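Predicted model only: the values in this text are computed from it and were never measured.
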Amino acid sequence: MTDDRIRVAPRTRGAHRTITQALGAAPDGAVISIAPGEYHESFRLIRRVTLVPQYGNGSVTIAVPAAAGALTVAAPNCRVRGLVVRGTDPGETLLRVEDAAGLTLEDCLVTHGRAEVLGSRTVVPGAGRPVGDIPLDHDLATELADPTAGGVLVTRRTRLRAARHTALHVTGDALARLDDTNIMDVEGIGVAVSGSAVLRADQLRVHGGSGSALRALDASRVLLRGSGLFGAGRNGVLVQDAAEALLTDCRVENAARSAVRLDHTARAQIEESTLAGARLSGVEVRDQARVMMRGVRISGGETGVRLRSQEESVLLHCSVTGQQGNGIELAAGADPRVRGVRVARTGKHGVSVGESSRGTFDHCDVIASGFPSIHVGRDAAPRFRGCRVFDSAHDLGVAEDANPTFENCVAINVASPRLPGAPRGGTAAPGARQPGPGRQGRDAGPPPGPQGRAAATPSGQAATAPGSAHPRQGSDDDAPEADSLTDLLAELDELVGLENVKRDVGGMVKLMQTVRMRQEAGLPAPPLSRHLVFAGNPGTGKTTVARLYGRLLHALGLLSRGHLVEVDRSALVGEYIGHTGPKTTEAFQRARGGVLFIDEAYALTPPGVAQDFGMEAIATLVKLMEDHRDEVVVIAAGYPEEMDRFIGSNPGLASRFTRSLLFTDYSTEELVRIVEHHARRHRYDLTEGARSALATHIGAIPRGERFGNGRTARQLFQQMTEHQAMRVAELTAPKDQELMALDENDLPVPLPTS
């Protein structure tokens, strides 16, 4: 790389005024040095270059304008060091590494937008290397310099924050390595990996987020070492489809659902890691997935390890402590190998073997459980060898027709020992063995529960069989339980404004309830089209209502999942002949069981263009909507006047989209309420002066094409919090109320002019 630096300094003679100008003049391998300041631009790196601040890290901010598109890397071995990259919409792509391009981020901050690394979308399930065969320490230097497959991203000492949907998405056959990287404040998933992508991470930290901290889909591979995932709004690590994950020396704490969850045919290895405080399960394995755990410490939550797969999982030398329910719970048909595991202080059973399950438990200890330490369900045939039960009221409960086997197991300090051959003193005779199928259950019966009744059926017994639906990327969970219809209608009613839309959706719900009742009564259902047109300006709540509409249909039993897949023209239309059909089909398939939301759908039929691939996308959609009429609901959204032209472009569209909902612009009062909603959500309080000044400020904003409605309200709230932060930072010891209060001084000045 050349030593001659190209300078960017707007007020210095002989230097370039913008980064874009400097890139235009830069040869391959150039280093571009940028003077301190904020640069409002976006650009595309088409040659191998390095961007660095002239002075210290953080002194240069690239503020990407809303309409400028993402900062894009389209060349190998590019490098960005010490810069702040800031977007305007957290839900949009801010930084993109394209297929066959490479980028290294060092000491950077990427905020208010997501980063994505792209690759070929062709996925061959199961074709990737097993996760255990992938070298974790590989630095990707060769791939950065010559990316022969998908895009390549390496981050070091870098932060990604304040994104929506996901902070980082690695897809296709892309590669990523995250070293000493922090991800925080995400409304959605921290890191999403899909396709056949491979993610390596060392000292990755993901804090908070409303979705899973990390989600792996398709045939992707994820390797984490020395990493921490804290306070995920759903699962800490979610591995689905045929994806695989390896966790070594990691911590996953306080996930709202499970610390690690595996669905479909996913695989995971967890080594010497700590999984603490997950609300539901430390590890949950479903469908045909399996896990291998060695030296894992699981504490807290409802259940320690819940195995609902008939594939063989392995637990070696782990500890499971402090669960409110069962420590290790086997659902119907599970058959794991468990060795040297210690289960202590569980509220229910230490080990619960569900109906028809098996499993081998070697040299395990169960200590101080609230219910019988070991419970064996109907027709279950587990084998316990060299196991010990300590400090419990009851050591064993066996259901009718169970057939467990016990070899060299003992009960120590157990009030009512029932292990076969155990003397009344509380210690089983060495070599005692279960004396035949079901005999223990018939002769002795289950021990009494805490109130003297027969031991309750463990929660694992009630687990239903895994669902058959295997979604690709719609929602964060497989076959989620439907929300209450009453709760969803209340949630709809709580939306600010949109009175006509709420009335129309409520009417459709009543119609669909009637249709379902007629079907259940054996009566023919009237014609009903669930596909909709949402006509309205940007920021009027179309996506929010679409997501809620899918959940309502799921609650009514008319959609199997109810998730939302949001696409636009770029996700449906290809770049060459034969590309559009498969691309549109792939997007439609991701929406199976839910809602396909096409934003700016009119862009598929650009005016004045006779030959356009958009018409092929429409024809493909029309056929798919017919072939899968009961599986996918399609919502086409856009400006009111443009949507009429779109629907009229194809007779098939006109016959399928028979109902339009009009989303009107928000009034000033409604926008103030939206700002107040954001404030309450983030624990801020608007003063009376702030409310009055906010109404005046919003009323003065021109309602032109660039007016963002709800987005304008969200941006105003963001600006107010930034101004408040600057104001409070000047206080020596601010009180809690001062940290929370937003007043009229926090409004942006001057008022917007366009």
Side-chain angles (χ1 to χ4, degrees), residues 239-240 258-270 275 278 280-294 296 298 301-318 320 323 325-341 343 346 348-364 366 369 371-385 387 396-406 434 437-438 441 455-468 470 478-479:
V239 190
Q240 297 181 302
S258 296
V260 177
R261 175 173 148 180
L262 310 178
D263 292 342
H264 314 142
T265 59
R267 304 286 184 262
Q269 298 180 35
I270 311 174
L275 314 177
L280 296 183
S281 303
V283 175
E284 181 172 6
V285 183
R286 314 200 319 174
D287 304 324
Q288 290 81 48
R290 67 171 180 246
V291 66
M292 197 288 285
M293 300 164 52
R294 187 191 308 272
V296 178
I298 300 173
E302 178 62 28
T303 306
V305 179
R306 177 177 285 137
L307 302 178
R308 302 171 62 184
S309 167
Q310 296 183 17
E311 295 292 315
E312 183 183 69
S313 290
V314 179
L315 284 65
L316 301 175
H317 309 294
C318 301
V320 181
Q323 282 69 42
N326 300 319
I328 298 176
E329 181 180 295
L330 276 56
D335 188 11
R337 287 193 294 120
V338 184
R339 183 179 183 86
V341 172
V343 183
T346 58
K348 295 183 179 179
H349 307 292
V351 175
S352 174
V353 182
E355 183 175 342
S356 302
S357 294
R358 299 179 64 85
T360 301
F361 296 80
D362 290 331
H363 306 289
C364 298
V366 183
S369 56
F371 284 16
S373 299
I374 299 172
H375 181 94
V376 183
R378 293 186 58 185
D379 298 318
R383 185 173 186 175
F384 295 87
R385 298 183 296 202
C387 296
L396 180 64
V398 181
E400 191 74 20
D401 296 324
N403 187 25
T405 298
F406 298 90
Q434 167 67 22
T457 301
S459 59
Q461 295 284 106
T464 58
S468 60
H470 288 188
D478 178 24

As an exercise, state the distance from [atom1] of [X] to [atom2] of [Y], rounded to the nearest 0.5 Å.
X	Y	atom1	atom2	result
Ser357	Arg378	OG	CZ	13.5 Å
Arg337	Thr360	CZ	OG1	8.5 Å
Arg339	Cys387	CZ	SG	10.0 Å
Glu312	Arg358	CD	CZ	11.5 Å
Leu262	Ser313	CG	OG	7.5 Å
Gln269	Arg294	CD	CZ	8.5 Å

May I ask you to decide if [Y]'s main-chain N or O and [X]'s side chain share a donor-acceptor pair within less than 3.5 Å?
X	Y	value
Arg267	Thr265	yes
Ser309	Asp287	yes
Asp335	Gly359	yes

Stepwise side-chain contact (heavy atoms from CB on, under 4.5 Å) check, Leu396 with Phe384: CA-CA 12 Å; Leu396 180 64; Phe384 295 87; over 6 Å; no
Measure across [X] and [Y] and return the closest heavy-atom pair with its distance rounded to 0.1 Å.
X	Y	answer
Leu307	Ala334	O-CB, 3.8 Å
Pro382	Val376	CD-CG1, 3.7 Å
Gly354	Ala380	O-CB, 3.4 Å
Gly397	Pro372	N-CB, 3.9 Å
Gly350	Ser369	N-CB, 3.9 Å
Val239	Ala266	O-CB, 3.4 Å

- request: For the residue pair Pro404 and Val353, establish whether any side-chain heavy-atom pair is separated by less than 4.5 Å.
  value: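 The answer is no, as the side chains (C-beta and beyond) never meet within the 4.5 Å cut-off.
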message: A side-chain contact here means heavy atoms from C-beta on lying under 4.5 Å apart; do Met293 and Ile298 qualify?
response: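 Sidechains of Ile298 and Met293: in contact.
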task: Mind running side-chain contact (heavy atoms from CB on, under 4.5 Å) on Cys364 and Val338 for me, showing each step along the way?
output: CA-CA 8 Å; Cys364 298; Val338 184; 3.8 Å; yes
field: Parallel, tilted or perpendicular: ring planes of His349 versus His375, cut at 30 and 60 degrees
entry: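 Ring orientation, 0 to 90° scale: tilted.
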query: When you look at Gln310 and Gln288, which way does the side-chain contact (heavy atoms from CB on, under 4.5 Å) test go after all the steps?
result: CA-CA 6 Å; Gln310 296 183 17; Gln288 290 81 48; over 6 Å; no
Evaluation steps, side-chain contact (heavy atoms from CB on, under 4.5 Å), between Ile270 and Val260: CA-CA 9 Å; Ile270 311 174; Val260 177; 4.1 Å; yes
field: Qualifying residue, where the test is side chain to side chain contact (heavy atoms under 4.5 Å, CB included) with Gln323 and the options are Val305, Ile328, Thr346
entry: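 The side chain to side chain contact (heavy atoms under 4.5 Å, CB included) with Gln323 is passed solely by Thr346 among Val305, Ile328, Thr346.
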